[in-house]
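The next block holds one structure in the form of structure tokens; read it before the comments.
All values below come from the heavy atoms of this structure, side chains included, with hydrogens, waters and symmetry mates left out. For clarity, every value in this text was computed on a predicted model and none was experimentally measured. Each ligand, and each atom within it, is numbered from 1 in the order the structure gives.
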Amino acid sequence: MENYRTKRILVTGGAGFLGSHLCDRLLAGGHEVVCVDNFFTGSKQNVVHLRDEPRFEVIRHDVTFPLYLEVDEIMNLACPASPIHYQTDPVQTTKTSVHGAINVLGLAKRLGCKIFQASTSEVYGDPQVHPQTEDYWGHVNPVGIRSCYDEGKRCAETLFFDYHRQVGLRIKVARIFNTYGPRMHPNDGRVVSNFIVQALRGDPLTIYGDGEQTRSFCYVDDLIEGFVRLMETPDSVTGPINLGNPGEFTVGELARRVLDLTGSKSKVRHLPLPQDDPVRRQPDITLARKTLDWEPRTPLSEGLPRTIEYFDAFLRRHGRPARNSER
Ligand SMILES: NC(=O)c1ccc[n+]([C@@H]2O[C@H](COP(=O)([O-])OP(=O)(O)OC[C@H]3O[C@@H](n4cnc5c(N)ncnc54)[C@H](O)[C@@H]3O)[C@@H](O)[C@H]2O)c1
């Protein structure tokens, strides 16, 4: 592990769900944070509590354009992460991953600094091996509606490794699996936020397919701990490294948990599975356990109530009906 010292760290996508938690964590560690975001899916609300923090600044910028800053480290999270958002403008999604990577890698090369990439389990596509280990190359459709995200992220990984091989850049690539927690988007179509918002509003919970498809959900604080540990590893550790929670739940089971915890009387509605939706996805985190001495610590029974509390407050603030059990 490196000796601890305070640094100025660039977080792209810092006003998003994960980015804002990362900014909190880095500031708590005594660092300066420069948050760069174009607010496509992120919001000022996510970082408003940092407004008076002198070690924090926000720059509105689109990473598909070059950026010139003086920082000690870069953590590249900019990219819409949910299908609803990344499919809104798929060309921009690919540009964000690919041109964005080229721009931040160029900056890292100029500064000679360490750089982190928020990659994704989507690089495995609809996997044919379970659970997925980092040496699995994936099963990805290059021409489907999810390809802008999956292939964009794959190409970004390629760029990171080519910069590493070609110019010796110090890289850290994390493959993130489904993460949940406060500050997720209320209507991004992701299963955890969908279910919670539907339950709190008293709307039917939408299950695509029969609900037997599984997901693994990592609580956001656990994931951010993984990022920080990865950044502290020796330069020989480049990743890719899976970060996620290997505990599998079926989507149907998650729906039942959310209904229990919210006390909602919502019904469950089944709809057809969207194109290319992976049936099963589960991380093998052996490498993270060994290299980072890391594993998720927060069970769903702790993380879900915190997330429900956030959405309950969010929906109250936005004038929507709160828990339907109360009305
Ligand atoms: N949340 C997850 O479960 C998950 C899983 C796998 C990978 N990831 C990756 O982690 C990163 C963060 O995801 P998130 O869940 O916080 O998503 P998010 O949509 O909340 O955050 C992404 C942030 O990037 C910003 N952004 C998008 N395009 C940009 C651009 N061109 N220039 C500057 N900023 C831009 C958005 O405004 C937003 O603030 C993403 O790269 C995503 O692919 C997330």
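The backbone N or O of K114 sits nowhere less than 3.5 Å from a side-chain atom of K172 that would complete a donor-acceptor pair. Q282 contributes a side-chain N or O that, together with a main-chain N or O of P246, makes up a donor-acceptor pair within less than 3.5 Å. Judged purely by atom type and a 3.5 angstrom limit, T179 has no side-chain atom pairing as donor or acceptor with the backbone of V220.
If you check the side chains of H85 and Q87, you find no donor sitting under 3.5 Å from an acceptor. At a cut-off of 3.5 Å, with distance as the only test, no side-chain donor of Y208 or N194 sits close to an acceptor on the other residue. If you check the side chains of Q198 and S266, you find no donor sitting under 3.5 Å from an acceptor. For the residue pair S216 / N245, no side-chain donor-acceptor distance below 3.5 Å is found, with atom types taken as modelled.
Ligand 1 has no nitrogen or oxygen under 3.5 angstrom from a nitrogen or oxygen of I176. In terms of polar-atom proximity, F40 is counted as a contact of ligand 1, with an N or O under 3.5 Å from an N or O of the ligand. The N/O atoms of G42, backbone and side chain alike, include one that comes under 3.5 Å of an N/O atom in ligand 1. Distances between N or O atoms of V36 and those of ligand 1 include no value under 3.5 Å. For the pair Y149 and ligand 1, the shortest N or O to N or O distance falls below 3.5 Å. Inclusion of T41 in the set of residues having an N or O under 3.5 Å from an N or O of ligand 1 is warranted. Of the polar atoms of K153, at least one N or O is found under 3.5 Å from an N or O of ligand 1, judged by distance alone. At least one N or O atom of T96 sits closer than 3.5 Å to an N or O atom of ligand 1. Looking at T120 next to ligand 1, no N or O pair under 3.5 Å apart turns up. Checked against a 3.5 angstrom limit, the closest N/O atoms of S119 and ligand 1 fall outside it.
From T262, atom OG1 reaches atom CD1 of I196 across 8.5 Å, with rounding to the nearest 0.5 Å. Considering NZ of K44 and CZ of F39, their distance stands at 5.5 Å, rounded to 0.5 Å.
Under 4.0 angstrom from ligand 1, there are no non-hydrogen atoms of M184. Contact annotation: for H85 versus ligand 1, there are no heavy atoms closer than 4.0 Å. The proximity of Q92 to ligand 1, defined as any non-hydrogen pair under 4.0 Å, is limited to the side chain. With a 4.0 Å heavy-atom cut-off, ligand 1 is reached by the side chain of R190 but not by its N, CA, C or O. Contacts of Y180 with ligand 1, taken as heavy-atom pairs under 4.0 Å, are absent altogether.
Applying the ring-ring contact (aromatic ring centres under 6.0 Å, His included) test to residues at least two apart or on different chains, the pairs with a partner in residues 227-274 are F116-F227.
Of all the listed residues (D37, T93, L223, L77), D37 holds the heavy atom that lies closest to atom 39 (O) of ligand 1.
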